[in-house]
Amino acid sequence: MTKEDKTYPLIRLFKVLHVVGLLMVVAGIALLMATEVDQTVNGMLVISSLIGTGGVLISPFPVALFLQWAMKAKTDHSN
């Protein structure tokens, strides 16, 4: 655990969610490209759910990194 993880515990959660989201997107794309699962309605639902939910889980991490950077820059600037 790094110093930033102790200072900003929410960043650690967002890192884990980011990795899970990336894995979901990769799994969805792999199913789409490498299998015939996408030929059925159930397969389309699974693939679109994996890619969509993975994308949603990826989203907050860059915003959290920006907010962390902004808070760090603010404290560095005021010192």
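When a residue number appears, it is its place in the shown sequence, counting from 1.
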- [ ] Mind jotting down which residue pairs meet the ring pair (Phe, Tyr, Trp, His ring centres under 6.0 Å) criterion with at least one end in residues 25-65? Sequence neighbours excluded, please.
- [x]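 Passing the test, one end in residues 25-65: His18-Phe61.
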
Task: Distance in Å, Phe14 CZ paired with Leu57 CG, rounded so as to fall on 0.5 Å steps - done: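 Answer rounded to 0.5 Å: 10.5 Å.
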
Please say yes or no: joined through hydrophobic side-chain contacts below 4.5 Å, possibly via intermediate residues, are [X] and [Y] part of one cluster?
{"X": "Val19", "Y": "Ile58", "answer": "no"}
{"X": "Leu13", "Y": "Val56", "answer": "no"}
{"X": "Val20", "Y": "Ile47", "answer": "yes"}

Open item on the list: Donor-acceptor pair, distance only, cut-off 3.5 Å: does the side chain of Ser48 make one with the backbone of Leu45?
Closed with: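 Answer holds: yes.
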
Open item on the list: Side chains of Lys15 and Ile11, heavy atoms from C-beta outward: is any pair under 4.5 Å?
Closed with: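 The answer is yes, as the side chains (C-beta and beyond) meet within the 4.5 Å cut-off.
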
- [ ] Each residue besides Trp69 in its hydrophobic cluster should be listed here, by chain and number; the cluster joins Ile, Leu, Val, Met, Phe, Trp and Tyr at side-chain heavy-atom distances under 4.5 Å.
- [x]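 Reading the cluster by chain and number, Trp69 sits alongside Val63, Phe66, Leu67.
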
Pairs of donor and acceptor atoms involving the side chains of residues 21-34, under 3.5 Å and at least two apart or interchain, shall be tabulated with distances.
none

